[in-house]
*Asks:* 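Next up is a structure, given as structure tokens.
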Amino acid sequence: MLIKISHEFESTEQAFLDLFFDKDKMVHMYREYMHFPEFALTQHDEADRIRRTIVAVPKMEMPSAIAKIAGGSIRYTEDGTFDKKTKLFTWKTAPSIMTEKIKNEGVMRVESLGNGKVRRTAEITLEAKVFGLGGVIESTFEKTIRDGWEKATQYFREELAKK
């Protein structure tokens, strides 16, 4: 399944990226604003790229079949890289359950629209190859992903309005 997400912001490209890679703001967003029970972030800024790893447990509603397998919550690790030249952020996410059967990866771009506006677009590939539960897992993860991006969008808009 391919999930496409797009949002516009009152911001410059650089101001948006500065917020997106501000470690303290991201920790605040996930822990306080989105109420993740667990969240940790490591980030390494290099000459040509930024590498970021997130380990988190999102607030997530799940069908009972998935909750049984997951033990009530799902932890994930996201490994991402931002290429400063192409301005492309790519990531792969590994859940704590059925890691070899669930694929979640994507790309994000931020492009200037002029007049102090930018558009952030993401394309996320989500696949769950689990007999009898693949569709349920994909729809549950898709809802969680879309909800998370919407909440993050609200947070980014609020933070960017402060500048």
Side-chain angles (χ1 to χ4, degrees), residues 1-34 36 38-60 74-129 137-138 140-163:
M1 154 187 310
L2 181 63
I3 302 168
K4 293 184 179 185
I5 297 172
S6 179
H7 295 99
E8 292 184 11
F9 299 89
E10 300 281 337
S11 178
T12 64
E13 191 176 323
Q14 191 59 53
F16 183 89
L17 292 171
D18 288 346
L19 175 60
F20 186 78
F21 290 108
D22 183 312
K23 187 175 177 180
D24 292 335
K25 295 286 187 186
M26 291 300 95
V27 169
H28 179 261
M29 180 182 79
Y30 282 99
R31 286 187 183 159
E32 306 301 323
Y33 195 85
M34 296 171 70
F36 274 38
E38 293 180 38
F39 180 83
L41 179 146
T42 59
Q43 186 167 297
H44 306 284
D45 193 349
E46 302 168 11
D48 58 344
R49 68 180 61 101
I50 299 171
R51 295 182 187 270
R52 179 167 94 174
T53 301
I54 292 172
V55 178
V57 175
K59 283 182 68 174
M60 185 174 181
I74 297 176
R75 174 184 316 276
Y76 69 84
T77 301
E78 176 188 290
D79 289 311
T81 302
F82 177 70
D83 184 311
K84 292 178 183 179
K85 290 178 187 171
T86 64
K87 297 187 179 180
L88 184 68
F89 181 67
T90 59
W91 74 89
K92 290 186 180 189
T93 302
S96 57
I97 60 167
M98 298 181 272
T99 305
E100 68 286 344
K101 296 181 182 211
I102 299 173
K103 177 181 178 180
N104 178 350
E105 59 189 37
V107 296
M108 181 190 83
R109 293 173 182 81
V110 177
E111 62 181 316
S112 176
L113 300 175
N115 297 325
K117 292 186 179 189
V118 295
R119 178 181 299 124
R120 176 193 63 185
T121 57
E123 292 183 0
I124 304 160
T125 301
L126 176 61
E127 294 176 359
K129 295 181 181 180
I137 291 170
E138 285 180 7
T140 300
F141 280 33
E142 179 186 18
K143 180 179 182 336
T144 300
I145 289 167
R146 288 190 185 278
D147 289 350
W149 280 74
E150 285 301 320
K151 287 177 186 169
T153 295
Q154 291 170 9
Y155 180 80
F156 290 143
R157 286 186 174 139
E158 289 173 17
E159 289 298 313
L160 291 166
K162 293 177 184 177
K163 297 187 181 227

*Asks:* Quick one, Phe9 and Leu113 - any side-chain contact, counting heavy atoms below 4.5 Å?
*Replies:*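 A side-chain contact is absent here, since even the closest heavy-atom pair is not under 4.5 Å.
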*Asks:* Under the side chain to side chain contact (heavy atoms under 4.5 Å, CB included) rule, collect the residues that match up with Arg75, sequence neighbours excluded.
*Replies:*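 Expected list: Glu38, Val55, Val57, Ser96.
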*Asks:* Please walk me through it: do Gln43 and Met26 pass side-chain contact (heavy atoms from CB on, under 4.5 Å)?
*Replies:* CA-CA 11 Å; Gln43 186 167 297; Met26 291 300 95; over 6 Å; no
*Asks:* Taking only residues two or more places apart in sequence, or in another chain, which ones meet Arg146 in a side-chain hydrogen bond (donor to acceptor under 3.5 Å, both in side chains)?
*Replies:*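 Scan of Arg146 (side-chain hydrogen bond (donor to acceptor under 3.5 Å, both in side chains), adjacent residues dropped) gives Glu142.
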*Asks:* Do Glu138 and Glu127 have side chains that get closer than 4.5 Å, going by heavy atoms?
*Replies:*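 Side-chain contact under 4.5 Å: yes.
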*Asks:* Once side chain to side chain contact (heavy atoms under 4.5 Å, CB included) is applied, do any residues pair with Lys84, and if so which ones, sequence neighbours excluded?
*Replies:*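 Asp45, Ile50, Phe82.
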*Asks:* Would you please name every residue forming a ring-ring contact (aromatic ring centres under 6.0 Å, His included) with Tyr155, sequence neighbours left out?
*Replies:*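 Once residues adjacent in sequence are excluded, the partners of Tyr155 under the ring-ring contact (aromatic ring centres under 6.0 Å, His included) criterion are His28, Tyr33.
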*Asks:* Which residue pairs pass the salt bridge (charged side-chain N to carboxylate O under 4.0 Å, His left out) test with at least one member in residues 18-33, sequence neighbours excluded?
*Replies:*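 Of all non-adjacent pairs touching residues 18-33, those that pass salt bridge (charged side-chain N to carboxylate O under 4.0 Å, His left out) are Lys25-Glu159.
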*Asks:* Nearest 0.5 angstrom please: Asp79 CG to Thr53 OG1, how far?
*Replies:*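 Between Asp79 CG and Thr53 OG1, I get 4.0 Å after rounding to 0.5 Å.
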*Asks:* Please walk me through it: do Trp149 and Met108 pass side-chain contact (heavy atoms from CB on, under 4.5 Å)?
*Replies:* CA-CA 12 Å; Trp149 280 74; Met108 181 190 83; 4.2 Å; yes
*Asks:* Verify side-chain contact (heavy atoms from CB on, under 4.5 Å) between Glu150 and His7, making sure each step is shown before the conclusion.
*Replies:* CA-CA 9 Å; Glu150 285 301 320; His7 295 99; 2.8 Å; yes
*Asks:* Are the charged groups of Lys92 and Glu78 less than 4.0 angstrom apart, N to O?
*Replies:*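 Salt bridge between Lys92 and Glu78, a charged N being under 4.0 Å from a carboxylate O: no.
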*Asks:* What is the distance from atom CD1 of Ile3 to atom CD1 of Ile124, rounded to the nearest 0.5 Å?
*Replies:*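 It comes to 5.5 Å.
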*Asks:* Flag the pair Ile102 / Phe141 as yes when at least one side-chain heavy-atom distance between them is below 4.5 Å, and no otherwise.
*Replies:*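 Yes, side chains in contact.
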*Asks:* Which atoms form the tightest heavy-atom contact between Glu13 and Ser112, and what is the distance?
*Replies:*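 Residues Glu13 and Ser112, closest heavy atoms: OE1-N, 3.6 Å.
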*Asks:* Students often mix this up, so state it plainly: with edges at 30° and 60°, are the rings of Phe156 and Phe20 parallel, tilted or perpendicular?
*Replies:*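 If you compare the ring of Phe156 with that of Phe20, the planes turn out tilted.
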*Asks:* Are Lys117 and Glu10 side-chain neighbours, meaning at least one heavy-atom pair lies under 4.5 Å?
*Replies:*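 Yes, at least one pair of side-chain atoms sits under 4.5 Å.
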*Asks:* Enter the distance from Arg119:CZ to Glu111:CD here, rounded to the nearest 0.5 Å.
*Replies:*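 Output value for this atom pair is 5.0 Å.
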*Asks:* So, Glu46 side chain and Arg51 main chain: donor-acceptor pair closer than 3.5 Å or not?
*Replies:*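 Looks like no, no N/O pair under 3.5 Å.
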*Asks:* Quick one: do Thr153 and Ile5 satisfy side-chain contact (heavy atoms from CB on, under 4.5 Å)? Show the steps, please.
*Replies:* CA-CA 11 Å; Thr153 295; Ile5 297 172; 6.0 Å; no
*Asks:* Can you measure from OG1 (Thr93) to CD1 (Ile145) and round to the nearest 0.5 angstrom?
*Replies:*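 So the OG1 of Thr93 and the CD1 of Ile145 are separated by 7.5 Å.
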*Asks:* Which pair of non-hydrogen atoms, one from Val118 and one from Phe16, has the smallest distance, and what is that distance?
*Replies:*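 Looking at all heavy atoms of both residues, the shortest contact is CG2-CB, 4.3 Å.
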*Asks:* How far apart are the closest heavy atoms of Ile74 and Pro95, and which atoms are they?
*Replies:*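 Here Ile74 and Pro95 meet closest at CG2-CB, 4.1 Å.
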*Asks:* Just to verify, what does Phe36 make a ring-ring contact (aromatic ring centres under 6.0 Å, His included) with, not counting sequence neighbours?
*Replies:*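 Only Tyr30 meet the ring-ring contact (aromatic ring centres under 6.0 Å, His included) criterion with Phe36.
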*Asks:* Would you say Leu2 and Glu123 make side-chain contact, with heavy atoms under 4.5 Å?
*Replies:*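 Yes, at least one pair of side-chain atoms sits under 4.5 Å.
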*Asks:* Can you tell me how far the OG1 atom of Thr86 sits from the CG atom of Asp48, to the nearest 0.5 Å?
*Replies:*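 If I round to the nearest 0.5 Å, the distance is 10.0 Å.
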*Asks:* Are any non-hydrogen side-chain atoms of Met98 and Ile137 less than 4.5 angstrom apart?
*Replies:*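 SC-SC contact between Met98 and Ile137 confirmed.
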